[in-house]
Amino acid sequence: MSTPDPVPSSDFIRNIVEDDNRSGKYGGRVVTRFPPEPNGYLHIGHAKSICLNFGLAAEHAGGICHLRFDDTNPAREDVEYVDSIMEDVRWLGWDWGGHLYYASDYFEQLFDYAVQLIKEGKAYVCDLRAQEMREYRGTLTEPGRDSPHRERSIEENMDLFQQMRDGEFEDGARVLRAKIDMASPNVNLRDPVLYRILNTEHHRTGAQWCIYPTYDFAHGQSDSIEKITHSVCTLEFEDHRPLYDWFLDELDVYHPQQIEFARLNISYTTLSKRRLRELVEEGYVTGWNDPRMPTLSGLRRRGYTPLSIRNFCDRVGVAKRNSIVDLALLEHSVREDLNQTSPRVMAVLKPLRVVIDNYPEEQTQEFEAVNNPEDPSMGSRKVPFSRVIYVEQDDFREDPPRRFYRLSPGREVRLRYACYITCVSVVKDETTGEVVELHCTYDPESLGGSSPDGRRVQATLHWVSAAHSVDAEVRLYEHLFATAEPGSGEDDDADYKSDLNPDSLTVLTSCKVEPSLAEAAPGSRYQFERQGYFCVDTVDSTNGNLVFNRTVPLRDSWARIEQAGKQG
RNA sequence: UGGGGAUUAGUAUAGUGGUAGUACGCCUGACUCUGGCUCAGGUGGCAGAGGUUCGAGUCCUCUAUCCCCAGCCA
């Protein structure tokens, strides 16, 4: 098992595992599992669970974490999801070794367990239809009533259950139920369903079965079969635990310990599988791997690194309190990693043409540019310079506000790695008044980026030589939702879609990037100096048509100053 | 009095009877050929009320608020 930089941390689950190890409860074994249902793509909430379970195993000598697909509902599951889940877990950096399992591997064993319960008079076949069963179940405050089939003989139950397996009945005709207590205050204990009839082919067992165990009947026993020590799951299963305990005790089999923790929530997005599916199926995004999606495939395409996600998961902690983590923490985690590892390049997103009047028309020269100031081993490259360049529209203001240090008429700034320029005139579109071109002069003494007289400039701009630039498309992403807690308004969940951020994607098509990016490989990550981290899109980018995704912008203190000014 | 959970700075978490920490965020400042990074400083918290104790975030009682459960989903 690989152990990607386990960050030592402490939480109540790790404390429990430590205590169990000290007391020898499981003989020093630590065996966990990540148990997804293959009915959708993994998202960053799953990453929290993956890092917890695989991390727990990695932190202990001999620890093991299984990958087990909880594939008990063939109607919703598919190999497409199995494949994507394995890819995503591996991408995150975890390795289940030989411990790949499927609940469907245990169908025969589970059937035997059911038979055992029937023989002991602890389970029965019930003919009630779903609607009737609901009526018999009672409510949260009123006890349920016993099914009329509750007292069938063991022989009759055995016979009926075998007929269920043999395909004698249509979907929904009968179920196998545990005989527990219809008056239990815990509704999970009111004779829950163990097996239902589903005449549906399973993605792994084919047409072998027409009855399938429910999650409740399969999960705990699967953990037991795999000799899991600590079965970590989310809070909503807390009041299922008495049911799982009942099965394990009545079956008299190995008993893992279930521990529940709060699932991850992040502001300005959603980690509801149902909602994510709707966004995909109804076309609000382009797919499960849309870079705006919090899925692992979306984050990957967006440019997030596995390490940044693992670090994020370490930082959010593990507890039982429902909470919403600030998206800023995720963004911090990815900036932290990318700052160390990304080569810097210059790219102009919204080009403004600049003519340097005193620079010879046919001349070109190259300047040495550092690839990564955080990592000298990444070396340097040459960047071509000529008379006509592009700078960022946002880096020029004809009428500069207070604390705006960038270019404006008469002001001198530095072109990164190149020279000082001073703006001498502005060309505007006659009809719109829009600034379309700047004329500047450069100081030949400042070539290389500093002047012998030691005078300072207040700003350094990124730029691209017009003649040498490469065209690119850049996709700017913002929060998927415009509100921190989508769907939390009056109508509650009813219309979380109205909280979608209409500006979550901005496509810029006339960007100019430095020539070194011409051959940039899909998936490669860069810092566009002064702007943010970007990666070459793995789906739409081609040799002649570069497409970049913005992973996350750089922190921008000027934007904050400007924003504060606007608010008064 | 249906059952099960939870409550510590803006956010997320540590603290298991002895000075309430950390991270992110935010605010200052230093540095800087990225208004990035880094560094220094600052901001700000135990849901409430009683009780036990020399001493309570921690133990007890009560209250309040929030979350989950009535699928043949997981």
Side-chain angles (χ1 to χ4, degrees), chain A residues 9-12 15 35-37 39 70 72-73 75-77 126 128-130 133-135 137-144 171-177 184-190 192-198 211-212 214-216 218-219 233-242 260 262 267 273-274 312 314-333 335-336 339-340 344 346 369-370 373-374 403-406 414-418 420 448-450 456-462 484 527-532 553-561:
Chain A
S9 52
S10 176
D11 55 66
F12 80 101
N15 291 343
E37 184 192 16
N39 72 339
D70 265 337
T72 56
N73 186 352
R76 320 196 325 169
E77 297 155 7
C126 180
L128 254 25
R129 292 297 175 142
M133 199 178 296
R134 195 170 306 130
E135 289 158 7
R137 190 156 32 232
T139 69
L140 293 178
T141 54
E142 299 163 302
D171 285 5
R174 289 180 221 265
V175 294
L176 182 73
R177 303 175 70 178
S184 173
N186 181 345
V187 294
N188 295 123
L189 264 22
R190 318 242 261 230
V193 171
L194 273 39
Y195 268 89
R196 74 281 216 196
I197 299 170
L198 252 30
I211 58 172
Y212 292 93
T214 56
Y215 171 86
D216 277 347
H219 192 84
C233 64
T234 45
L235 252 28
E236 67 268 28
F237 295 106
E238 206 150 19
D239 48 20
H240 291 235
R241 177 154 34 92
E260 307 85 6
S267 56
K273 224 184 212 182
R274 195 203 89 233
F312 170 75
D314 286 332
R315 288 189 175 111
V316 300
V318 180
K320 298 194 72 157
R321 182 188 338 176
N322 283 311
S323 58
I324 302 175
V325 173
D326 196 334
L327 218 210
L329 185 61
L330 213 212
E331 296 185 332
H332 170 263
S333 297
R335 283 193 193 104
E336 173 189 57
N339 178 49
Q340 297 300 318
R344 265 103 246 232
M346 293 197 283
V370 173
E374 305 292 327
R403 299 181 72 180
F404 180 89
Y405 302 145
R406 281 108 96 145
R414 171 167 42 229
L415 295 178
R416 182 116 158 118
Y417 298 121
Y420 292 180
S450 58
R456 317 270 266 181
V457 289
Q458 289 222 82
T460 299
L461 309 189
H462 61 278
Q527 184 197 100
F528 286 2
E529 292 221 31
R530 304 208 305 131
Q531 305 197 91
L554 250 27
R555 294 184 68 211
D556 185 350
S557 55
W558 163 244
R560 279 203 296 272
I561 291 166

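So you know, we letter chains A, B, ... as the sequences are listed, proteins then strands, and number each from 1.
Taking A/N15 as the reference, A/S10 meet the side-chain contact (heavy atoms from CB on, under 4.5 Å) condition, with sequence neighbours excluded. The side-chain contact (heavy atoms from CB on, under 4.5 Å) search around A/T141 returns A/T139, not counting sequence neighbours. Applying the side-chain contact (heavy atoms from CB on, under 4.5 Å) criterion to A/R414, with sequence neighbours excluded, gives A/Y420, A/V457, A/T460.
Checking the phosphate oxygens (OP1, OP2) of B/rU11, no side-chain nitrogen or oxygen of A/S267 falls inside 4.0 Å. Within the structure, a side-chain polar atom (N or O) of A/R196 is placed less than 4.0 Å from OP1 or OP2 of B/rC73. For the pair A/T214 and B/rC73, the criterion of a side-chain N or O lying under 4.0 Å from OP1 or OP2 is not met. Regarding contacts with the backbone of B/rG71, every side-chain N or O of A/R190 stays at 4.0 angstrom or more from both OP1 and OP2. For B/rG71, the OP1/OP2 oxygens have a side-chain nitrogen or oxygen of A/R134 closer than 4.0 Å.
Here CG of A/N339 is found 4.0 Å from CD of A/E374. Values are rounded to the nearest 0.5 Å. Going from atom CD of A/E529 over to atom CD of A/Q527 covers 6.0 Å, rounded to the nearest 0.5 Å.
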What would the secondary structure line of RNA chain B be in dot-bracket form, counting Watson-Crick and G-U wobble pairs under 3.5 Å, with [ ] for pairs that cross earlier ones and | for pairs with another strand?
.((((((..((((....[..))))((((((.......))))))...(((((..]....))))))))))).....
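In this structure, A/R406 atom CZ and B/rG36 atom C1' are separated by 12 Å, rounded to whole Å. Spacing between atom NE2 of A/H462 and atom C1' of B/rG35 amounts to 13 Å, rounded to whole angstrom units. The OH-C1' distance, from A/Y405 to B/rU34, rounds to 15 Å in whole Å. The nearest whole Å value for the distance from the CD1 atom in A/I561 to the C1' atom in B/rG29 is 13 Å. Spacing between atom CD1 of A/I197 and atom P of B/rC73 amounts to 12 Å, rounded to whole angstrom units.
Spacing of C1' atoms, B/rG21 relative to B/rU16, comes out at 16 Å, to the nearest Å. B/rA56 and B/rG48 are spaced 15 Å apart, taking the P atom of each and rounding to whole Å. Using atom C1' as the reference point in both B/rG35 and B/rA30, the two lie 15 Å apart (nearest Å). Comparing the P positions of B/rC26 and B/rC60 gives an interatomic distance of 40 Å, to the nearest angstrom. Distance check on atom C1': B/rG57 versus B/rA9 gives 14 Å, rounded to whole Å. Comparing the C1' positions of B/rA20 and B/rG44 gives an interatomic distance of 13 Å, to the nearest angstrom. Only the P atoms considered, B/rC37 is 46 Å distant from B/rA74, to the nearest whole Å. Nucleotides B/rA23 and B/rA40, compared at atom P, are 11 Å apart to the nearest Å.
Judged by atom type and distance alone, A/Q527 reaches the base of B/rU34 through a side-chain donor-acceptor pair under 3.5 Å. In terms of polar N and O atoms assigned as donor or acceptor, the side chain of A/R321 never comes within less than 3.5 Å of the base of B/rG5 in a complementary pairing.
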Under 3.5 Å between N/O atoms: give me all the protein pairs with nucleotides 66-69 of chain B, atom names plus distance.
residue : atom : partner : partner atom : Å
B/rC67  : O2'  : A/N322  : ND2          : 3.0

Would you tabulate the nitrogen or oxygen pairs shorter than 3.5 Å linking the protein to nucleotides 15-26 of chain B?
residue : atom : partner : partner atom : Å
B/rC26  : OP1  : A/R560  : NH1          : 3.4
B/rC26  : OP2  : A/R555  : NH2          : 3.0

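Listed for the A/D556 side chain is a donor-acceptor partner under 3.5 Å among the backbone atoms of A/A559. Judged by distance alone, the side chain of A/N186 and the main-chain N or O of A/D239 form a donor-acceptor pair under 3.5 Å. With A/R177 contributing its side chain and A/V193 its backbone, the two residues share no donor-acceptor pair below 3.5 Å. Side-chain atoms of A/R530 do not come within 3.5 Å of backbone N or O of A/L461 as any donor-acceptor pair.
Mapping A/T141 and A/G172 onto RNA chain B via the closest heavy atom, the residue that lands nearer the 5' end is A/T141. Residues A/E529 and A/T72 both approach RNA chain B. Their nearest nucleotides, taken by heavy-atom distance, put A/E529 toward the 5′ side.
Centroid-to-centroid, the aromatic rings of A/Y405 and A/W558 stay 6.0 Å apart or farther.
Between A/R315 and A/E336 there is a salt bridge, with a side-chain nitrogen of the basic residue lying less than 4.0 Å from a carboxylate oxygen of the acidic one.
Shown here, B/rG71 is classed syn by the O4'-C1'-N9-C4 or O4'-C1'-N1-C2 angle, which is within 90° of 0.
Residue contacts shown for A/L194 are absent, as no nucleic acid heavy atom lies under 4.0 Å away. A/T139 comes within 4.0 angstrom of a base, heavy atoms only.
Contact between A/S267 and A/L327 at its shortest, heavy atoms only, is OG-N, 3.0 Å.
For the pair A/R196 and A/I211, the minimum side-chain heavy-atom distance is 4.5 Å or more.
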